[in-house]
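Comments concern the structure below.
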There are 2 protein chains.
Amino acid sequence: MTRTSNTPSDIAPSDDAAPAAEGRPFSQILDRLRGAGLRPTRQRMALAKLLFDGGDRHLTAEMLHADAQSANVRVSLATVYNTLHQFHRAGLLREIVVDSQRTYFDTNMSDHHHFYFDETGELSDIPGDQVEVAALPPVPDGMAVSRVDVVVRVRPADA
Amino acid sequence: MTRTSNTPSDIAPSDDAAPAAEGRPFSQILDRLRGAGLRPTRQRMALAKLLFDGGDRHLTAEMLHADAQSANVRVSLATVYNTLHQFHRAGLLREIVVDSQRTYFDTNMSDHHHFYFDETGELSDIPGDQVEVAALPPVPDGMAVSRVDVVVRVRPADA
DNA sequence: GTCAAGTTTAGAATTATTTTAATCTGATGT
DNA sequence: ACATCAGATTAAAATAATTCTAAACTTGAC
Ligand SMILES: [Mn+2]
Ligand SMILES: [Mn+2]
Ligand SMILES: [Zn+2]
Ligand SMILES: [Zn+2]
């Protein structure tokens, strides 16, 4: 039992023998970070947990930061930004541009597109197979497509 | 000849009998502004000219402001922003989001999509008929599609 | 020409994000 | 366990795009 100090004991101020309301996949997250060459620090672990534990999410740095505070995780906003970008580079998150003035990160890495609700600034997924982008024109010389984004902007239908 | 002071005489410091190198469509622009319920002020006329005189363009407020300065048109950046948004509301310009941190305006109002060159931050048009977005999923209840944007992100092919 | 409403603008304010530089922590070697 | 240091976190300052404020100017109508 050579445990140095790896155990993330204070990720949330819960009892030691927590009721496992949501918290098994520690090793999963750990592996994910390790696999990405990122040290599993307290804050990265906590953020990863918040990000990946509950289904697909679209969020901004501010939102994740708020989430963290709610969960009694102490992280600076700067770290949230750092972490989001690192996760993005590591291929764990997608960055979505639908609104200048707000950068969204998407935990859903599968091939898909988005509805964007202009009013509320919210995003929702459109499964990749429900949109068909047919017949792309030839890509400019020496260039390669890195991604095709389809954004369906919607607003409340009037009357 | 009841001309009060409508003649935009100092849009550029050129001779009075200019060689017409590029400058006929004054009435066109005038009508466009009037039609949009916007007073044809010196700065709006000048900006409209810069915007609509030479083919399709994708530009930011800063870019247009620089353009104006080059053309010896004195406009504040605030006015450029105001004007771009007014033109947009009036349906003379399209606003494109491809890069948080930069708002592009597009003088091409026809139905079309875009290539986005991540490296350089440039945009180029893809004619509407060269992309087919087939099979959109049902739009969420009470919502109506206001626009479908397809952005093909490209980058230099490596090797 | 007069006047009100609409415009322009300098400069301050806001907001999202990045940078700085100092401090801390995790991993490794002993 | 202990030292060590590259890598991580952070408070605070800096940046950059955009918007706001309020005062000064134009426009269009009468
Ligand atoms: Mn954000
Ligand atoms: Mn801009
Ligand atoms: Zn998504
Ligand atoms: Zn365009």
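To find a chain, count down the sequence lines: A is the first, B the second, and so on, and within it residues start at 1.
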**Study point:** Note, B/Ile29 side chain near B/Met45 side chain (heavy atom, < 4.5 Å)
**Key:** yes
Check your understanding: Is there a side-chain contact between B/Leu77 and B/Glu62 (heavy atoms, below 4.5 Å)?
Key ->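 Yes. Closest side-chain heavy atoms under 4.5 Å.
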Practice item. Might you work through the side-chain contact (heavy atoms from CB on, under 4.5 Å) test for B/Asp125 and B/Asp106, ending with a clear yes or no? Key: CA-CA 10 Å; B/Asp125 286 344; B/Asp106 191 344; 4.0 Å; yes
Phosphate oxygens OP1/OP2 of [N]: is one of them under 4.0 Å from a side-chain N or O of [X]?
{"X": "B/Thr60", "N": "D/dA17", "answer": "no"}
{"X": "A/Arg42", "N": "C/dG26", "answer": "yes"}
{"X": "B/His85", "N": "D/dT18", "answer": "no"}
{"X": "B/Thr41", "N": "C/dT8", "answer": "yes"}
{"X": "B/Tyr81", "N": "D/dT19", "answer": "no"}
{"X": "B/Arg44", "N": "C/dT7", "answer": "yes"}

Exercise for review: Tell me which nucleotide among C/dT8, D/dT10, D/dG28 gets nearest to the side chain of B/Gln43.
Suggested key: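 So the nucleotide nearest the side chain must be C/dT8.
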Check your understanding: To 10°, what angle do the rotation axes through the five end pairs on each side of the helix from C/dG1-D/dC30 to C/dT30-D/dA1 form?
Key ->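 Roughly 30° between the end axes, to the nearest 10°.
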Check your understanding: Starting at the 5' end of DNA chain C and moving along, which residue's nearest nucleotide shows up first, A/Ala78 or B/Gln86?
Key ->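 Result of the comparison: B/Gln86.
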Exercise for review: By nearest nucleotide on DNA chain C, pick out whichever of A/Arg39 and B/Ser100 is the more 5' one.
Suggested key: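 Checking each residue's closest nucleotide, the 5'-ward one belongs to B/Ser100.
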Practice item. Check every strand shown and say whether A/Thr79 touches a base, only sugar-phosphate, or nothing at a heavy-atom separation below 4.0 Å. Key: base
Review point. Is the distance between the ring centroids of B/His65 and B/Tyr81 under 6.0 Å?
Key: no
Revision key, fill the gap. Here the pair of heavy atoms bringing B/Val98 nearest to B/Arg153 is O-NH1, 3.3 Å
Can you tell me the distance, in whole Å, between the [atom1] atom of [X] and the [atom2] atom of [N]?
{"X": "B/Leu38", "N": "D/dT27", "atom1": "CG", "atom2": "P", "answer": "15 Å"}
{"X": "A/Arg89", "N": "D/dA8", "atom1": "CZ", "atom2": "P", "answer": "10 Å"}
{"X": "B/Glu95", "N": "D/dT19", "atom1": "CD", "atom2": "C1'", "answer": "13 Å"}
{"X": "A/Asn82", "N": "C/dT17", "atom1": "CG", "atom2": "P", "answer": "13 Å"}
{"X": "B/Leu84", "N": "D/dT18", "atom1": "CG", "atom2": "C1'", "answer": "12 Å"}

Practice item. Find the distance between NE2 (B/His58) and OG1 (B/Thr107) and round it off to the nearest 0.5 Å. Key: 7.0 Å
Check your understanding: With a cut-off of 6.0 Å (strictly less than), are more than 12 heavy atoms of other residues, nucleotides or ligands near CZ of B/Arg147?
Key -> yes
